[in-house]
Structure formats: structure tokens, C-alpha cells
Amino acid sequence: MSKKGFLLALLLATVLHLQAVTVNSTAGKLATIVTNHNATELTVNGTIDARDFAFIADEMPNINTLNLANATIVAYNSTLNDGLLPGEHHYAANTMPYCALAGVLTLKNVTLPSNLTAIDYGAFAGCTGITAIGLPATLLSIGDDAFNTCSSLTQVSITGSINHLGSKAFAHCAKLATVIINPSGPITIGDEAFANCQSLNNVTIGAAVTHLGNGTFTACKALKKINIAPGSKLESIGDMTFYNSGLEELNMEDMPHLKHLGAWALARTNLKELTLPAHVKNLDEGTLFYNNKLTSLELPSTLTYLPDYMLAGCDNINGTQFMTPSLGNIGDFAIYNQQQHGKITVPQRVYYIGSYAMAGIKWLYQITSEPLQAPELGNNVWAGIKKSRVNLYVNEESLDNYRAAEQWQDFLIDVAQLRGDVNCDGFVNTLDAIAERKFLVNGITEGINTSRTDVTASGNTDVADIVAIYNIINGVYQTERPMNYWFSDYFESMGFKTSARKAKIEFSLDNSLSYNALQFDIVTPSHITIDDAKVSGRGLAHEIHLGLTGGNEYRLVSYSPTGDDFEGNSGVIVTLYITSTNTITNNDFITLSHIYFADGKENVYHNKDIIAKVLGISAIDNITIDSDEQPVNVYNTQGQLLRQNVSPAQATNGLPAGIYIVGNKKVIVR
């Protein structure tokens, strides 16, 4: 035979040797049916059991594609001598056997049996060549480590009737980018199910998922957000579920049934802001440990225990009040090394502060401790802080107690001014709200300390301060310093003539934001007096108060003691009833100024002055918004420049009472 002929024959033999093989199999007989062990593709019809998978894994070194679509896996009880697991073992029917194809590196394409109900432990573990896997609709369970280290797998969709996903089922799948878990019924995700999947960046959690196991997404560096289906039944997030992942966003309002966050669940992530709703009842240690990108945090007002290491190292949440009114126990290292905090308030119910709980807060200069009895302390609570430079404010009757208590006694101890205690009786209650309202509406200062009326520390006393007092009374926790804004909601007045000398004036608001309090001053013509003011149907939960501040000058405030917003976003909000000594005409006008609206977080919004007819309909054009980002200059009435290029929201903060020109507006500071 010529050399050319020999090479051609050799090539033909090789091609035939590596061809695809299709067999009709009887369980346990595959080794005798498949004669070409070097085949790259194998299609099996008929029955197959654990012995046949052992043959494929051990005796077919070039297997690339395995098609089991028309195969049925039958049960098998192994013996001591069949070369499978040591001892006797039961392999269930319609189940990919224990470690069936584990470590078969050549395998790239697999079609599973159409009637498969389970994939057992490690069935495809270490199959680094598999790029995709279709899971049949009949599948109910994916076992532990089933696809562990399938490093070429790029996506997986877990749907249908699956009710179990085992531990580390898809862990260490380096190229896995997309995961959809959306079965028709309840399912628990096993521990570390997707741990260390470095490319994972698209995760959808269906409504039926009830639990994310310990370390489910730990070390998934590309994961920035998970998509939660509406109506989610998720009840718990396990220990270290997102530990050391790239998570930047997590909306727990999308998880209305969530009750528990496990230890270190969100530790060392990239979260920038987080709200833990009231339905999250239980937190374990280190939940947010060293989240150094976290700048905004809101905790449930009902939280009674700040766990060990909970916020340790979260050093960028400066200004966030993380101690809730119901807090009683602050754990070890709970806010350790939060270096940016200057002021801390210890809530009234706190009875214990753990070891090193506040150590390392190097810029701390003030502590307000509300408990009458100095809380018990662990070891070195304020380690690294120069306590001789830190002011500690306590209730007057508690001075001796704190001065005698270890660790507490080292601070500069003085009497505290309790936020919201306008009447200085040592309590914050309805009496303070009434005193604040009388001061604001009627100018009554008897029995109050006027230096305490600016409860929000905004530089002004307004209706937001009443909101703040009721927030304290109602246990609503303020998470951020209140701000002042100019806003562009549509505010209009509509007058209705009822007799020649009486009229009813209804004020309507079309608002894009929600408000729970309002305030404005009213100037009427000399012949018109305001007899009464009432809230409309939008504010049935609100009180309204009207006071005479001058000859024909009135101030009106309305607020909800229970913190309710004005209902809806359109319609009548306040009605005035007026009387005139003369016949009311179309030439009679009233002026509204210092128009403020406050929301439940004590932010105050300002409207421009309004001049409106008493009769007819007088609509006010949309108000041009003054953006906080466009700086303004501040002048006094003599034209002297006081401040240059400052935010409108902060323009008059700290200025003494008087009239100022802010940008092109006249602003009165009271």
C-alpha cells in the first residue's frame, strides 16, 4: 500500500472510531452494548442505571455529548462487588445517580431524561466543559454539589415544580452569569448554592422562594442587584448570604414577608443605602459589618437589640441615627470604628452597652444619654476616645448616678436638653406639642423655653417642629437631618360667595409629594375678618388652628397628631369662613405668605406668596422651582451681602430673626 493510501485508511479508521453512537439500552448492559468506547457522542434510548453511568464516566474518555432525552433511569441496589459506592446503596428511579458523571472533563452537552425527577449529590460536579443545562419540567430536586465547579456553565433557569435546591449546587461556577429561580411552588435555596460564582450579575428570585440559605451568594463579586418578583414569599435570609459580594442595592420593601436576617448576611458588600422595614423582626450579629460604602441607613423603630458587630466599620453613615427609640441592648462592637460620628444619642430604654461597642469613634465630641439610670457597660466601650474632651448630657436627676458610674464618669457630664421638651419638664408629650403650637400660632411664650422650639434644628420655628414633636411621641424615628426645599406643587384658592358679607374660601392643592402638615400666614383687607378654619375631607385626621397675629394678620397651622398624610394628591385641603363689614366685591383680595408644608420626616417645603380674590376663582400658575443645586446670594434689607453662592435650602440657617433677600425672594426669619 502506498503512503498516501495508508494515511487515507488511517484517517478513515479514526473518523469511524470517533463517530456518534446511538443505542437501545437495557439497564446495566451499556458496557456490553457500546463497543466503541472512544465515541464522542452517545445517545441512549431505553433503560439505564447507576452502573451504566459509571461505564460512561470511566470507560468513555472522549465523551463530548450525551443525549438521554428518551432514556429512563431505573432504580438499582448496589452490592459490595459492583464497583460503585462502597457497601450497599440504593439508587432511586428517575434520578441522576450520586456523582454519576462527576469530573468528566470532556463532557460539554447533556440532554437529561424527559421524565427525570431528581439530580443526586455531585452528579455533574467538576464537569468543567458543560456550557448549558436544560432542566426538564418533571424535575423536583437538585441535590448538594450537583453542578459544583461547572466552570463553563453560563446560565441556569430553575422553574417548573422544583422544590429543593441543595447546598453548593452551583457553587464555584466561574462563568455563570444569569440565574432564574422561579418555580411554581415553595422552595428553599440551599447553603452556598451559588457561592463564589464570580461572573454572576443577573439573578431573579421568584415569588415562591421562601428562604435563601447560608452563603447563597457569598463572594459573588459581580452581583450588584437581585430582582425580586412581586408578592415575594421570602421569609429569611441566612448567615453570610451576600457576604463579600458586590451587592449595591437591596429593596426589602419588595419582600413583605421577610422577618429574619442571618449573621453577616450583608457584611462587606457595596450597599450604598438600606432601609430595614418594620416587618424585619430579627437581626443576627454582623449583619452590615464593614459596609464602608453605606451612607444612608434606616432601621425599624421597633428594633430592641443592636446585635454584636452589626454596624462595625460602617464609617460613612455620618449623621444617620442608627439607635432606635425601642433599643434596649447594644451588642459588643455594635458600631465599632464608625469614625465619622460626632454626636450620639443613647435612647431612653437602653440598659446595656457591650464591650468595644463604640470604640474607635475618634471624632466623637457629644453623647446624649436619655436613660435615667446609667446603662451597664461591657469592657472598653469607648476605647481610643479621649473622654475628657467629650460632653455627656444626661437628665438633671441622673447627674450623680452617671458621675459615679465606671467609664461614664470620665466624660464632661452636664444636664441634657431633651429634644422636643419645649416646656422643660423632662418629658416629650402632647403638652410640648400644644406649647409649640401656641408659640407658633399665637406667639405665647409662657411656660416654654424658646431656645428649644426649633426642634428640627433647621434655623427656623415652623410647623415641621410640631411634626417633629409628634414623631418623638409616636416613636417615629428621624433618620436624616430635615431640609428646607422650594417646591412646584400647584396651590390655588377658590372663593365661594354665600351672602353679601360672608364667604367661604377653599384652598386646593395638587401635590406630587405627600405632606402631613401645613402652615401659612393670611392678611385680609381691614373690613374682613376670618371667623373659622376647617380642614377638608383630605385631612380628617388633622387638627387645624388659627391665630390672630396682628390687626388683620392671621397664622394657620394644620397637622396630624398621629402622623397621617393629607389624603390623596388633589383637591380641597383647607376652608376659611370670613365675614365682612362691607359688601364683598371682586376687588377684595387676601394675601398668603410663609406657606410651608411638612412631610413625615420633618422636611419643610416652601411656596411663593399668593394674592387671591375672595370671590370667584383665582388659580395660581405653576410655581417655578428654585433648585437646591443653584446657589443664591443672601442680603439684608440694607442691601449688604451676607452670604454668597449658598444653597437656597440652607440660605437663612442660623441667621437672627429679620427680613432677608434670598436670590430674588423676600424671606422672613422668625
Side-chain angles (χ1 to χ4, degrees), residues 301 325 345 347-348 368 370 372 395-397 415-478 482 507 515-522 530-536 538-550 553-566 573-577 594-605 657 668-670:
S301 61
T345 297
Q348 189 173 9
T368 300
E370 296 178 353
L372 298 179
N395 288 291
E396 186 171 4
E397 60 267 39
V415 177
Q417 293 186 5
L418 188 60
R419 180 175 182 262
D421 184 16
V422 176
N423 62 7
C424 304
D425 64 356
F427 303 94
V428 181
N429 52 32
T430 305
L431 295 177
D432 297 293
I434 293 172
E436 183 83 9
R437 183 254 299 169
K438 288 181 177 179
F439 172 72
L440 182 60
V441 177
N442 306 106
I444 297 174
T445 59
E446 183 179 355
I448 68 172
N449 185 338
T450 56
S451 67
R452 297 191 182 187
T453 57
D454 183 13
V455 183
T456 63
S458 65
N460 300 310
T461 299
D462 50 48
V463 72
D465 297 299
I466 299 178
V467 174
I469 293 173
Y470 277 115
N471 278 350
I472 295 169
I473 295 171
N474 296 330
V476 177
Y477 197 58
Q478 179 197 355
F507 293 92
Y515 311 112
N516 68 1
L518 63 85
Q519 167 190 334
F520 51 79
D521 293 344
I522 312 164
I530 301 177
D531 301 323
D532 197 7
K534 293 182 179 180
V535 290
S536 72
R538 290 187 64 190
L540 293 180
H542 289 63
E543 294 183 9
I544 194 166
H545 298 277
L546 183 72
L548 186 63
T549 59
E553 298 178 3
Y554 301 82
R555 174 164 292 173
L556 181 145
V557 299
S558 179
Y559 53 84
S560 169
T562 54
D564 295 295
D565 291 333
F566 292 108
I573 201 164
V574 171
T575 301
L576 299 180
Y577 297 86
H594 305 106
I595 303 170
Y596 302 153
F597 288 83
D599 64 19
K601 291 190 175 181
E602 305 167 24
N603 298 309
V604 62
Y605 300 78
I668 300 176
V669 176
R670 296 183 182 275

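As the structure is a prediction and not an experimental result, all values here were calculated from the model.
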Check: Under a 4.5 Å cut-off applied to non-hydrogen side-chain atoms, are Tyr559 and Leu518 in contact?
Finding: no
Notebook entry, point to check: Taking all non-hydrogen atoms of both residues, which atom of Arg419 and which atom of Thr456 are closest, and how far apart?
Noted result: NH2-CA, 4.4 Å
Check: With sequence neighbours left out, what residues match Leu548 under side-chain contact (heavy atoms from CB on, under 4.5 Å)?
Finding: Tyr554
Checklist line | Closest non-hydrogen atom pair between Ala435 and Ile448, with its separation | finding: CB-CG2, 3.4 Å
Notebook entry, point to check: Taking the side chain as C-beta and beyond, is there a heavy-atom pair between Thr345 and Glu370 under 4.5 Å?
Noted result: yes
Checklist line | Any donor-acceptor N/O pair, His545 side chain to Lys438 backbone, under 3.5 Å | finding: no
Next item on the list: State the CG-CD distance between Asn516 and Glu602, to the nearest 0.5 angstrom.
Entry: 9.5 Å
Item checked: Taking every non-hydrogen atom, the tightest pair across Leu546 and Ile530 -> CD2-CG2, 3.4 Å
Next item on the list: Evaluate whether atom CD of Glu397 has more than 12 neighbouring non-hydrogen atoms of other residues, nucleotides or ligands under 6.0 angstrom away.
Entry: yes
Check: Centres of the Phe507 and Phe520 rings: under 6.0 Å?
Finding: yes
Checklist line | Any donor-acceptor N/O pair, Asn603 side chain to Asp599 backbone, under 3.5 Å | finding: no
Next item on the list: Could you grab the distance from atom CZ of Phe427 to atom CD1 of Ile472, nearest 0.5 Å is fine?
Entry: 14.5 Å
Checklist line | Atom pair CD1/CZ of Ile573 and Phe597 - distance to nearest 0.5 Å | finding: 5.5 Å
Note to self: Any donor-acceptor pair under 3.5 Å linking the side-chain atoms of Asp454 with those of Thr461?
What the structure shows: no
Check: So, do Asp465 and Val422 sit near enough that their side-chain heavy atoms are less than 4.5 Å apart?
Finding: no
Next item on the list: Can you see which heavy atom on Thr430 is nearest to which on Ile473, and at what distance?
Entry: N-CD1, 3.6 Å
Margin query: Does Gln348, at its CD atom, have more than 12 non-hydrogen atoms belonging to other residues, nucleotides or ligands within less than 6.0 Å?
Written below: no
Note to self: Using the rule given for side-chain contact (heavy atoms from CB on, under 4.5 Å), can you reason through Leu556 versus Leu576, listing the C-alpha separation, both sets of side-chain angles and the distance that settles it, and then say yes or no?
What the structure shows: CA-CA 10 Å; Leu556 181 145; Leu576 299 180; 3.8 Å; yes
Note to self: Any heavy-atom pair between the side chains of Asp432 and Asp421 that's under 4.5 Å?
What the structure shows: yes
Item checked: Separation between CG of Asn474 and CD1 of Ile469, rounded to the nearest 0.5 Å -> 11.5 Å
Next item on the list: State, to 0.1 Å, how close Thr549 and Val441 come at their nearest heavy-atom pair, and which atoms those are.
Entry: CG2-O, 3.6 Å
Next item on the list: Give, for atom CG of Asn449 and atom CG of Asp425, the distance between the pair rounded to the nearest 0.5 Å.
Entry: 12.0 Å
Check: Nearest 0.5 Å, what's the CG-NE2 distance between Asp564 and His542?
Finding: 6.5 Å
Item checked: Main-chain N/O of Gly600 paired to Asn471 side chain as donor or acceptor, under 3.5 Å -> yes
Next item on the list: With sequence neighbours excluded, tell me which residues meet salt bridge (charged side-chain N to carboxylate O under 4.0 Å, His left out) with Arg538.
Entry: none
Margin query: Testing the basics here: between Ala517 and Val463, what is the closest heavy-atom pair and its distance to 0.1 Å?
Written below: CB-CG2, 3.7 Å
